[in-house]
Amino acid sequence: MQQLHARTAAGAQRPLCIAGRSGIRPRALFSGPALHPRPSHLSSPAKTASPAPSPLRPGQQSGRPTGPRSRMVPHGLPDPLAVGLFFAPGLAALVYAYIRGKGNLTDGLSRLLTEVSQGYFQPDVGGKNIPVAQGELSDLAGDQPLFKALYQWFIDSGGVYKLVFGPKAFIVVSDPVVVRHILKENAFNYDKGVLAEILEPIMGKGLIPADLDTWRVRRRAVVPAFHRQYYEAMVGMFARCSQRSVDKLEGAIRAGQGSAVVDMESEFLSLGLDIIGLGVFNFDFGSINAESPVIKAVYGVLKEAEHRSTFYLPYWNLPLADVLVPRQAKFRRDLRVINDCLDDLIRQAQETRVEEDAEALQNRDYSKLRDPSLLRFLVDMRGEDATNKQLRDDLMTMLIAGHETTAAVLTWALFCLVQSPGVEARLREEIDGVVGDRVPTLDDIKAMPYLRATLGESLRMYPQPPILIRRALNEDTLPAGLGGDPGGYPIGKGADLFISVWNLHRSPYLWKDPDTFRPERFFESFSNPDFGDKWAGYRPDAVTGGAALYPNEVASDFAFIPFGGGARKCVGDQFALFEATVAMAMLLRRFEFRIEGPPEKVGMATGATIHTANGLHMRVSRRRVPPGGDQAAAAGQQREPLAV
Ligand code: HEM
């Protein structure tokens, strides 16, 4: 048994007993407000959902390190004493950190920073009565993604707890009542905090990292661009791009004489990139069939965004880091390639500007437009004279926000459904009945509730991103949520929050069998009486009978928030879901997919989104002719040539 330090609500440290890394989970990490009562009608939280994290380390009371001893040196030589004096504090700190970290310098430094910053610099922004977990940096950077480590603490300590790592403290929120408060009821008390710091060099003042003043102006301009006629045009484009993927798979199957092994995650990324390029700025990356310097640059920038969102110290802000650190120099080059491409597209759009008000733009005949993109709309909108830099930030933001995310929905949906034969069969039946081998339309999407629920279920189990980040602009009191402190949790200005979408979506208090892939759940009501009247539960009629086509945060009262919620909700949610629906319908009606090798090998890794650790390698073959089904589809013949 190991000992660890848990900080009590009052801030004093006391040792607690836990089992070690062997896989047995900590029993109680905090003394603090009452933990979540486990609803009696629910099965106990699935222990397999997250490998036992043992994310806490024994508290250590090591002795003080001694600094390097100074030596006398002959007069006239460089004075090591002076050098020593200059470097001694740093060296002493390193030695001290090494000892405190029990040989792990990173952990030791993290502890040291925590102690120093908590003791001297950090105001009590995190709320005195929030239970605190103290872990090690290496646990978060270790063998499991961060969001999985957060799950175990949620189960053990409740819907609001605090993590302290180095100089940073984060409040982790996994309760729909608290999430609703942050995202909707008091949304303007929060900005994107750490996330904005990470993304600003890439997205500038695009909607995601924008400060509130910029955000208000740009959100008002961008939202009208997603209108009905635009979606109609986009659905056609989704089908044309998906057809490229179909043709490519057909080619691979032919070459493989009946079947081929394909990394479907990578195919979905290419599809997503082509679609977002055409939809947002009418640029055809053509990445399904080719590689180009721009495509490479996009992937380079995405990789760097991911690196920055998971790396602890923002070393890229150091002077000359982008010159001296090779990956930062590469990042700068990649960014320049994309920016040049976007600048060019913006210039062309400006040169052909036809100014109209928003209503007239929405009523253009999109079936005849050569360029139905968002950029065209934003440039042509009367009164919206955004600078070219702002337009570029908007485009870059949507390129990054809408590419990997949608690809991940398709990846995990396919991963799950090929392991659920019942779901797969029902899905194919629905697709055959509604679309057959036609080009899917918006009306077809509306007629396929099971496919929509399946994509919702993919997003529930694998939310993209699994964590939302916020920083309090002013003091606030978070509501208690389930089993929390009845007085709520006062927090200070500057408090950093993680909204764990993963925890919400896998919470045993909010879902029946949360770790089971079961799209049917979205047609069933769910409530938890332990919440009293604080949480309305999941109401399917708000989806099927209401305005929404897909399950969302309103129908689930903030238990299901794949696109966030409130004022900062994703602007591209419908775009992404229509895209995924069309692509999935076109692939499933034509191909059979089987995971190559054991599903566990697919693995999970995280950056901004959850992606596989090793790719989604699948054996793809032509689908056998469905009863009454389409012969051409089964034979892999292309009925109508589709040009993009
Ligand atoms: C399945 C695909 C997608 C998922 C899961 C997704 C998810 C999200 C989430 C969770 C947020 C809220 C972030 C927060 O509150 O911190 C968000 C914001 C945003 N998303 Fe998406 N997104 C997707 C596709 C797209 C697409 C296709 C676009 C653009 C065409 C897009 C553009 C944006 C923008 C601009 C914001 C910022 C909104 C604002 O702050 O006003 N997203 N997205």
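Keep in mind it's a predicted model, so treat the numbers as computed, not measured. Counting starts at 1 for both ligands and their atoms, in listed order. Reckoned from all heavy atoms, side chains included, excluding hydrogens, waters and symmetry mates. When a residue number appears, it is its place in the shown sequence, counting from 1.
- Numbered from 1 in the order shown, with element, the atoms of ligand 1 that lie under 4.0 Å from a heavy atom of P465 read 10 (C).
- Note: H227 and F377 meet the aromatic proximity criterion, with ring centroids under 6.0 Å apart.
- Remark: R426 does not engage E430 in a salt bridge, criterion side-chain N to carboxylate O under 4.0 Å.
- Considering only non-hydrogen protein atoms, atom 5 (C) of ligand 1 sits nearest to Q464 O, 2.9 Å.
- At a threshold of 4.0 Å, the pair E197-K192 does not count as salt-bridged, since none of the basic side-chain nitrogens sits closer than that to a carboxylate oxygen.
- Looking from atom 12 (C) of ligand 1 to the surrounding protein, the closest heavy atom is R568 O, 3.7 Å.
- If you number the atoms of ligand 1 from 1 as listed, the ones under 4.0 Å from a heavy atom of K569 come out as 38 (C).
- Against a heavy-atom cut-off of under 4.0 Å, F575 is close to the following atoms of ligand 1: 27 (C).
- With respect to atom 13 (C) of ligand 1, the closest heavy atom belonging to the protein is L468 CD2, 3.9 Å.
- A salt bridge links D284 with R244: the closest approach of a Lys/Arg side-chain nitrogen to an acidic carboxylate oxygen falls below 4.0 angstrom.
- With rounding to the nearest 0.5 Å, the separation of CD1 in I338 from CZ in R392 is 10.5 Å.
- Here the heavy atom of the protein found nearest to atom 10 (C) of ligand 1 is P562 O, 3.3 Å.
- Under the 4.0 Å criterion applied to side-chain N and carboxylate O atoms, E356 and R382 are not assigned as salt-bridge partners.
- Ion pair D393/K205 not flagged as a salt bridge, since none of the NZ, NE, NH1 or NH2 atoms sits closer than 4.0 Å to an Asp/Glu carboxylate oxygen.
- Note: an N/O pair closer than 3.5 Å links R470 and ligand 1 by distance alone.
- At a threshold of 4.5 Å between non-hydrogen side-chain atoms, the residues F593 and L587 count as touching.
- The protein non-hydrogen atom at the shortest distance from atom 38 (C) of ligand 1 is R219 NH1, 3.5 Å.
- Considering both main-chain and side-chain atoms, W215 comes within under 3.5 Å of ligand 1 through a nitrogen or oxygen pair.
- With respect to atom 1 (C) of ligand 1, the closest heavy atom belonging to the protein is V409 CG2, 3.4 Å.
- Using a 4.0 Å cut-off between charged nitrogen and carboxylate oxygen, D394 and R218 count as a salt-bridge pair.
- Using a cut-off of 4.0 Å between Lys/Arg side-chain N and Asp/Glu carboxylate O, R521 and E457 are scored as salt-bridged.
- Tally of protein N, O or S atoms closer to atom 21 (Fe) of ligand 1 than 2.8 Å: 1.
- Ring orientation note: the planes of W502 and F147 are tilted relative to one another, at an angle of 30° to 60°.
- Close contacts between ligand 1 and K192 involve ligand atoms 14 (C), 16 (O), 40 (O) [criterion: under 4.0 Å to a heavy atom].
- Classified by interplanar angle (parallel below 30°, tilted 30° to 60°, perpendicular above 60°), the ring pair W511/Y538 is tilted.
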